[in-house]
Amino acid sequence: MFLPAGSQDEVGNKLNNQARVYEIFRNVTKKRNYRPIATPVVEYATTFTNAYAGMQLNNMLKWFNGDGEIEVLRPDWTTAVARALMKQSSTQQKWTYQGSVFVRDKPGMESRQAGIEVIHASTFYGESECLLTARAFLEELNIEDYLIELGHTGIFDELTAHLQLSDKQLDSLRQAMHDKRKDEVFQLASLHGDTETAEALTGLVEAYGSFDVIDAYEKRWKSNERLLSIIQHIKKLANLLKETGVNDVIVDLGRVKNLPYYCGTMFRGFLKQNGATCFSGGRYDKLYEQFDKDISAVGLAFDVDFLSEQIANEPKQEKVCILVTDESLAYAERLRKDYKDSIVDVRYSVESDHSYDVLLKIVRKNNEEWDVVVQ
């Protein structure tokens, strides 16, 4: 039997490593007082396609239910968790989740994530907690060669606020910024604004780097209260990370939001060896406006599939096989306690080319007792 395009079976070490990543993440978040939350894998499409979430329906796995409403496989954890938390009366600030999301624009359609959401918390505390949890998790995975990137949606918003742009034109300019297309950025901004703004936006395309970039723009924006407060906030987060042992912190001041609900600080984690993204997230207070709530909210998600490929396979355990009969099966089960650190397989027979480290056979010692014989 064949599978639908993008679906795949998985076996062996890949599954073991995914389980280890999930378990390590659960332990890290439990120790930091996160409470687990889970949402159904099937949701209404409108949960994700409304004006606040802003996701595209054509990227989702969807169908019509019996009432003619569109249902989807969960494409995004943050939006689903926000919906679920509106039913909670708890004052809990920190939440954690684990599980799959399903979208058509990613290889395999199904991807596994582990993430955190911090709500009802002060801005700096919530963002700091997310970043420090990320640091603690990567440390537990023995992943050391990574860097953290900081950005902020408010920079683009502030510089484009006075431009006479339609929503479509603004999206085009944002996409050009995202793709680092300087010529197009300058053309769009100067056509609908002025040369000064166009040059400022174009300069942001290359405003990428370490603390030198932060210091340079802190001086450049000293007369703009809004931009100055943003760069100083980013600097404060960067200093916190540095003080807690994250030496490789960079900023991308030209970064723009890739999801409509982001509305402040954004962050990503990259592995240095190949530049691959291992986590991403940011602030999304506006997502709760659909529930008529004014809530501080920030979170991030880890790519479990990717991280499971970065960790070493578990150390090989001794494999023990116990050969039994119907009568000795119960005795063999009791014998497992003598091999607590081993993989124990109870079987009736084995092939001559077996892969066991130890092969035992249970035989009758006398009419009443069993004996264990090494084969």
Open item on the list: Minimum heavy-atom separation for Ile230 and Gly154, please, with both atom names.
Closed with: CD1-C, 3.6 Å
Task: Pair Arg26 + Glu23: basic N to acidic O under 4.0 Å - done: yes
Open item on the list: Measuring only between side-chain heavy atoms, which start at C-beta, is Arg255 closer than 4.5 Å to Leu150?
Closed with: no
- [ ] Supply the atom-to-atom distance Thr325 OG1 to Arg364 CZ, rounded to the nearest 0.5 angstrom.
- [x] 8.0 Å
TODO: Answer yes or no: is there a side-chain heavy-atom contact under 4.5 Å between Leu85 and Ile295?
DONE: no
- [ ] Find the distance between CD (Gln310) and CG (Asp145) and round it off to the nearest 0.5 Å.
- [x] 11.0 Å
Task: Minimum heavy-atom distance Tyr97-Leu300, with the two atoms named - done: OH-O, 3.9 Å
Task: Ser280 side chain to Gly269 backbone, donor-acceptor under 3.5 Å - done: no
Open item on the list: For Tyr288 and Tyr284, take the angle between the two ring planes, folded into 0 to 90°, and tell me which bin it lands in: parallel under 30, tilted 30 to 60, perpendicular over 60.
Closed with: parallel
Open item on the list: I want to check something: taking the side chain as every heavy atom from C-beta on, are Val346 and Leu335 in contact at a cut-off of under 4.5 Å?
Closed with: no
Open item on the list: I need the Arg74 CZ to Met60 CE distance, nearest 0.5 Å.
Closed with: 13.0 Å
- [ ] Among Arg283, Gln93, His120, Glu127, find the one that has a side-chain hydrogen bond (donor to acceptor under 3.5 Å, both in side chains) with Ser296.
- [x] Arg283
- [ ] State whether Arg268 and Glu149 are salt-bridged, where the test is any N-O pair (Lys NZ or Arg NE/NH1/NH2 against Asp/Glu carboxylate O) under 4.0 Å.
- [x] yes
Task: Any donor-acceptor pair under 3.5 Å from Asp357 side chain to Lys319 backbone - done: yes
Open item on the list: Using a strict threshold of under 4.0 Å (side-chain N to carboxylate O), is an ion pair present between Asp305 and Lys14?
Closed with: no
Open item on the list: Assess whether a salt bridge exists between Glu43 and Arg83, defined as any Lys/Arg side-chain N lying under 4.0 Å from an Asp/Glu carboxylate O.
Closed with: yes
- [ ] Dump the intermediate steps for side-chain contact (heavy atoms from CB on, under 4.5 Å) on Val324 and Tyr348, then the final yes or no.
- [x] CA-CA 5 Å; Val324 300; Tyr348 283 20; 3.5 Å; yes
Open item on the list: Just verifying a value: how many Å separate Arg347 CZ and Cys321 SG, rounded to the nearest 0.5 Å?
Closed with: 6.0 Å
Open item on the list: Between Gln317 (side chain only) and Asp341 (backbone N and O only), is there a donor and an acceptor less than 3.5 Å apart?
Closed with: yes
Task: Side-chain heavy atoms of Trp77 within contact of Thr39, under 4.5 Å - done: yes
TODO: Step by step, work out the side-chain contact (heavy atoms from CB on, under 4.5 Å) result for Ile362 and Ile322.
DONE: CA-CA 7 Å; Ile362 299 178; Ile322 305 176; 3.6 Å; yes
Task: CA sep, side-chain torsions, deciding dist, call: Phe102, Val72, side-chain contact (heavy atoms from CB on, under 4.5 Å) - done: CA-CA 9 Å; Phe102 302 83; Val72 298; over 6 Å; no
Open item on the list: Counting C-beta onward and ignoring hydrogens, is there a side-chain heavy-atom pair between Thr133 and Phe279 closer than 4.5 Å?
Closed with: no
- [ ] Decide yes or no for Tyr146 and Arg135: does some side-chain heavy atom of the first lie under 4.5 Å from some side-chain heavy atom of the second?
- [x] yes
Task: Closest heavy-atom pair and its distance - Ala82, Phe291 - done: O-CE1, 4.0 Å
Task: SB check Lys180 Asp252 (cutoff 4.0 Å) - done: yes
Task: Phe124 and His233 aromatic ring geometry - parallel, tilted or perpendicular at 30°/60° bounds - done: perpendicular
- [ ] Check whether any side-chain N or O of Gln113 sits under 3.5 Å from a backbone N or O of Ala301 as a donor-acceptor pair, and report yes or no.
- [x] no
TODO: Could you check Glu129 against Tyr34 for side chain to side chain donor-acceptor pair (under 3.5 Å), going step by step and ending with a plain yes or no?
DONE: CA-CA 11 Å; Glu129 175 60 26; Tyr34 284 82; 3.0 Å; yes
Task: Stepwise side chain to side chain donor-acceptor pair (under 3.5 Å) check, Tyr331 with Arg334 - done: CA-CA 5 Å; Tyr331 181 81; Arg334 295 195 296 272; over 6 Å; no
TODO: Looking only at non-hydrogen atoms, find the nearest pair between Ala198 and Ser190 and report the distance.
DONE: CB-N, 3.7 Å
Task: Exam field: side chain Lys94 to backbone Arg32, donor-acceptor pair closer than 3.5 Å - done: yes
Open item on the list: For the CZ atom of Arg20 and the CD1 atom of Ile311, what is their distance to the nearest 0.5 Å?
Closed with: 4.0 Å
Open item on the list: Can you confirm whether Leu259 sits close enough to Met266 that some side-chain heavy atom of one is under 4.5 Å from a side-chain heavy atom of the other?
Closed with: no
- [ ] Write down the atom of Ala80, the atom of Phe48, and the distance for their closest heavy-atom approach.
- [x] N-CE2, 4.0 Å
Task: Donor-acceptor pair, side chain of Asp67 and main chain of Glu69, under 3.5 angstrom - done: no
Task: Distance-minimising heavy-atom pair for Leu188 and Ala176 - done: CD1-CB, 4.5 Å
Open item on the list: Using the rule given for salt bridge (Lys or Arg N to Asp or Glu O under 4.0 Å), can you reason through Arg174 versus Asp171, listing the C-alpha separation, both sets of side-chain angles and the distance that settles it, and then say yes or no?
Closed with: CA-CA 5 Å; Arg174 186 180 289 111; Asp171 286 340; 3.0 Å; yes
TODO: May I ask you to test the Arg220-Leu227 pair for a side-chain heavy-atom distance under 4.5 Å?
DONE: no
- [ ] Would you check, one step at a time, whether the test side-chain contact (heavy atoms from CB on, under 4.5 Å) holds for Phe137 with Asn27?
- [x] CA-CA 9 Å; Phe137 179 45; Asn27 289 334; over 6 Å; no
Task: Distance (rounded to the nearest 0.5 Å) between Leu253 CG and Ile234 CD1 - done: 5.5 Å
